[in-house]
Enquirer: 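Quick one: this structure, given as structure tokens, is what I'll be asking you about.
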Amino acid sequence: MTESDKLFAGSIPKLYDTLMVPLIFEAYAADTAELVAGFSPGAVLETAAGSGVVTRALAPRLRSGTRYVVTDLNQPMLDYATTRQRDSADGSSNGIGIEWQQADALKLPFEDASFDVVFCQFGAMFFPDRTAGYAEARRVLKPGGRFVFTVWDRIEDNVFADEVTSAVAEIFPQDPPRFLARTPHGYHDIALIRSDVSRAGFTRIEIATREKTSRSPSARDVAIAYCQGTPLRNEIEARDANVLQAATDRAAQVIASRHGEGPVAGKIQAHVIVAAG
């Protein structure tokens, strides 16, 4: 993973939330919110919250009085998440006072045994030391608490990401941008995930693979989402700042050639991990 893989700034947060979130994140966010709420936690920590898609789904499901702390390493994304929270002016929902805090998931600024559930949707792939991040989650969990996180399966099982990667590679054949394959879809081996979580000290680990369908009004929206609403944009512009539109156009053409101009649909697949002990 490169430093640019973690850079969500400029216009990326808005494009990410308006295009990427409904494309691939919302369906899994609903599942994550249901899973976390089902544990009836009294205190919840969300790490790598991004633009707040799970936050918006989970807050109304939590019991009144639940402590809910939402964090992200990237301040621009956290700022955007706060503006998107569809609640009262003080950021509460269903009697939940959400605490927003910039924080590194590998160095959490919280006391030991503070939370009943720690969860992270599609953020662990960005951890520079995943076992350290999992160990931090375990440190701040109360006895009997759960650590819930999701990661994407391999890029070949995520149709649009695979097609965009191939399309953009045509623009830069000598140095193809590999952000999507390298980072979001680069941590998919179940045996490795289980080993990393176990080394962090968890003794009960459940891993389920969930397939869903990604949908978008048009092939062009998919291309813009991936090429301009993720750090893939940083890789494209680092090679040639003048070809971002050409790369987006090529991605749209490839998707349209396989799925039509729109509406379009494609397979997405992820692993859901629940750890305790």
Side-chain angles (χ1 to χ4, degrees), residues 28-29 31-50 52-75 77-78 81-82 85 87 90-151 187 190 192-208 271-277:
Y28 287 102
D31 288 355
T32 298
E34 182 178 5
L35 179 61
V36 171
F39 295 128
S40 299
V44 179
L45 171 64
E46 179 178 359
T47 62
V53 59
V54 186
T55 313
R56 296 190 290 274
L58 176 59
R61 294 173 177 260
L62 296 174
R63 296 175 299 171
S64 178
T66 300
R67 182 189 183 198
Y68 187 9
V69 182
V70 179
T71 69
D72 196 278
L73 178 64
N74 193 295
Q75 189 63 50
M77 288 293 276
L78 197 63
T82 62
Q85 189 66 25
D87 300 304
D90 66 355
S92 65
S93 176
N94 195 33
I96 307 301
I98 298 175
E99 302 172 33
W100 303 90
Q101 184 170 343
Q102 191 276 339
D104 185 344
L106 274 65
K107 299 178 182 177
L108 294 171
F110 307 109
E111 298 293 328
D112 296 0
S114 296
F115 300 95
D116 300 295
V117 175
V118 175
F119 77 92
C120 180
Q121 175 167 282
F122 299 119
M125 307 91 67
F126 294 88
F127 293 178
D129 184 338
R130 297 183 185 102
T131 297
Y134 304 157
E136 269 293 89
R138 185 171 183 271
R139 178 184 67 79
V140 301
L141 278 173
K142 297 177 182 179
R146 273 93 162 186
F147 176 40
V148 176
F149 69 100
T150 54
V151 296
Y187 185 56
I190 289 176
L192 175 60
I193 295 168
R194 187 178 297 276
S195 174
D196 288 347
V197 176
S198 178
R199 287 192 295 115
F202 291 98
T203 57
R204 300 191 302 279
I205 305 164
E206 299 176 3
I207 302 177
H271 303 309
V272 180
I273 301 92
V274 179

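None of the values given here were measured: they were computed from a predicted structure. Each residue takes its place number in the sequence, starting with 1.
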Enquirer: Is a donor from one side chain sitting under 3.5 angstrom from an acceptor on the other, for Gln101 and Thr71?
Expert: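 On atom types as modelled, these side chains do not qualify, holding no pair under 3.5 Å.
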Enquirer: Is it the case that the side chains of Thr55 and Glu46 hold a donor-acceptor pair, with the cut-off being a distance below 3.5 Å and no angle test?
Expert: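 Note: Glu46 and Thr55 side chains meet the donor-acceptor criterion.
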Enquirer: Any carboxylate oxygen within less than 4.0 angstrom of a Lys/Arg side-chain nitrogen, looking at Glu99 and Arg67?
Expert: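 Yes, Glu99 and Arg67 are salt-bridged.
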Enquirer: Check whether any side-chain heavy atom of Val44 sits under 4.5 Å from a side-chain heavy atom of Val69, and report yes or no.
Expert: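 No, every pair of side-chain atoms sits at 4.5 Å or beyond.
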Enquirer: For residues 102-110, please give each side-chain donor-acceptor pair under 3.5 Å, one per line with the distance, not counting sequence neighbours.
Expert:
unit_1 : atom_1 : unit_2 : atom_2 : d
Gln102 : NE2    : Leu73  : O      : 2.9
Asp104 : OD1    : Leu106 : N      : 2.9

Enquirer: Hey, does Asp31 have a side-chain heavy atom less than 4.5 Å from the side chain of Leu35?
Expert: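 Not in contact.
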Enquirer: Find out whether Leu141 and Arg146 are in side-chain contact, i.e. whether some heavy atom of one side chain is under 4.5 Å from a heavy atom of the other.
Expert: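 With C-beta onward as the side chain, the pair stays apart.
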Enquirer: Would you call Tyr187 and Arg130 a side-chain contact if the rule is heavy atoms closer than 4.5 Å?
Expert: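 Tyr187 reaches Arg130 side chain to side chain.
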Enquirer: Please examine the side chains of Leu45 and Ser114, heavy atoms only from C-beta on, and report whether any two atoms are closer than 4.5 Å.
Expert: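 Answer no - side chains too far apart.
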Enquirer: Closest approach of Gln85 and Ala59, non-hydrogen atoms and distance?
Expert: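 Nearest heavy atoms, Gln85 then Ala59: NE2-CB, 4.0 Å.
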Enquirer: Step by step, work out the side chain to side chain contact (heavy atoms under 4.5 Å, CB included) result for Asp72 and Trp100.
Expert: CA-CA 9 Å; Asp72 196 278; Trp100 303 90; over 6 Å; no
Enquirer: Show the nearest heavy-atom pair for residues Ala33 and Leu58, with the distance to one decimal.
Expert: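 Residues Ala33 and Leu58, closest heavy atoms: O-CD1, 3.5 Å.
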Enquirer: For Leu62 and Ala37, which heavy atoms make the closest approach, and how far apart are they?
Expert: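 Smallest heavy-atom distance, with atoms named: CD2-CA, 4.5 Å.
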Enquirer: If every non-hydrogen atom of Ala43 is compared with every non-hydrogen atom of Thr66, which pair is closest and at what distance?
Expert: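 What the structure gives for the nearest pair is N-CG2, 4.2 Å.
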Enquirer: Less than 4.5 Å apart, side chain to side chain, heavy atoms only: is that true for Val272 and Phe149?
Expert: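 Side-chain contact under 4.5 Å: no.
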Enquirer: How long is the straight-line distance from CG of Asp196 back to OH of Tyr134, given to the nearest 0.5 Å?
Expert: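 Tyr134 atom OH to Asp196 atom CG measures 6.0 Å (nearest 0.5 Å).
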Enquirer: Apply side chain to side chain contact (heavy atoms under 4.5 Å, CB included) to the pair Arg138 and Phe202, showing each step before the final yes or no.
Expert: CA-CA 7 Å; Arg138 185 171 183 271; Phe202 291 98; 3.4 Å; yes
Enquirer: Check whether any side-chain N or O of Arg139 sits under 3.5 Å from a backbone N or O of Ala113 as a donor-acceptor pair, and report yes or no.
Expert: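 It does not hold such a pair.
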Enquirer: Rounded to the nearest 0.5 Å, what separation is found between the CZ atom of Phe147 and the SG atom of Cys120?
Expert: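 Between Phe147 CZ and Cys120 SG, I get 6.0 Å after rounding to 0.5 Å.
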Enquirer: How many angstroms lie between atom OG1 of Thr131 and atom CZ of Arg199, to the nearest 0.5 angstrom?
Expert: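 With rounding to 0.5 Å, OG1 (Thr131) is 3.5 Å from CZ (Arg199).
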Enquirer: Just so I know, are the side chains of Ile273 and Val148 near enough to count as touching, which here means a heavy-atom distance under 4.5 Å?
Expert: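 Not touching, per the 4.5 Å side-chain cut-off.
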Enquirer: Using 30° and 60° as the class boundaries, would you call the ring planes of Tyr68 and Phe119 parallel, tilted or perpendicular?
Expert: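 Geometry flag for Phe119 against Tyr68: tilted rings.
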Enquirer: Evaluate the side chain to side chain contact (heavy atoms under 4.5 Å, CB included) criterion for residues Asn74 and Leu78: first the C-alpha distance (whole Å), next the side-chain angles of each, then the deciding distance (0.1 Å), finally the verdict.
Expert: CA-CA 6 Å; Asn74 193 295; Leu78 197 63; over 6 Å; no
Enquirer: Please report the closest heavy-atom contact between Ala135 and Ala200, naming both atoms and the distance.
Expert: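 Answer, listing the atom of Ala135 first, then Ala200: N-CB, 3.5 Å.
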Enquirer: Does the pair Val118 and Val140 meet the rule for a side chain to side chain contact (heavy atoms under 4.5 Å, CB included), with working shown?
Expert: CA-CA 8 Å; Val118 175; Val140 301; 3.7 Å; yes
Enquirer: Is there a side-chain contact between Lys142 and Phe115 in this structure, where contact means two heavy atoms from C-beta onward sitting under 4.5 Å apart?
Expert: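 The answer is no, as the side chains (C-beta and beyond) never meet within the 4.5 Å cut-off.
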Enquirer: With ring pair (Phe, Tyr, Trp, His ring centres under 6.0 Å) as the criterion, how do Phe122 and Tyr28 come out once you've worked through the C-alpha distance, each side chain's angles and the decisive distance to 0.1 Å?
Expert: CA-CA 10 Å; Phe122 299 119; Tyr28 287 102; 5.6 Å; yes
Enquirer: Are there over 12 heavy-atom neighbours, none belonging to Glu206, within less than 6.0 Å of that residue's CD?
Expert: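 Atom CD in Glu206 is not packed in, count stays at 12 or less.
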Enquirer: Specify the closest pair of heavy atoms between Ala48 and Gly123, including all atoms of both residues, with the distance to one decimal.
Expert: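 Shortest heavy-atom contact: CB-CA, 3.9 Å.
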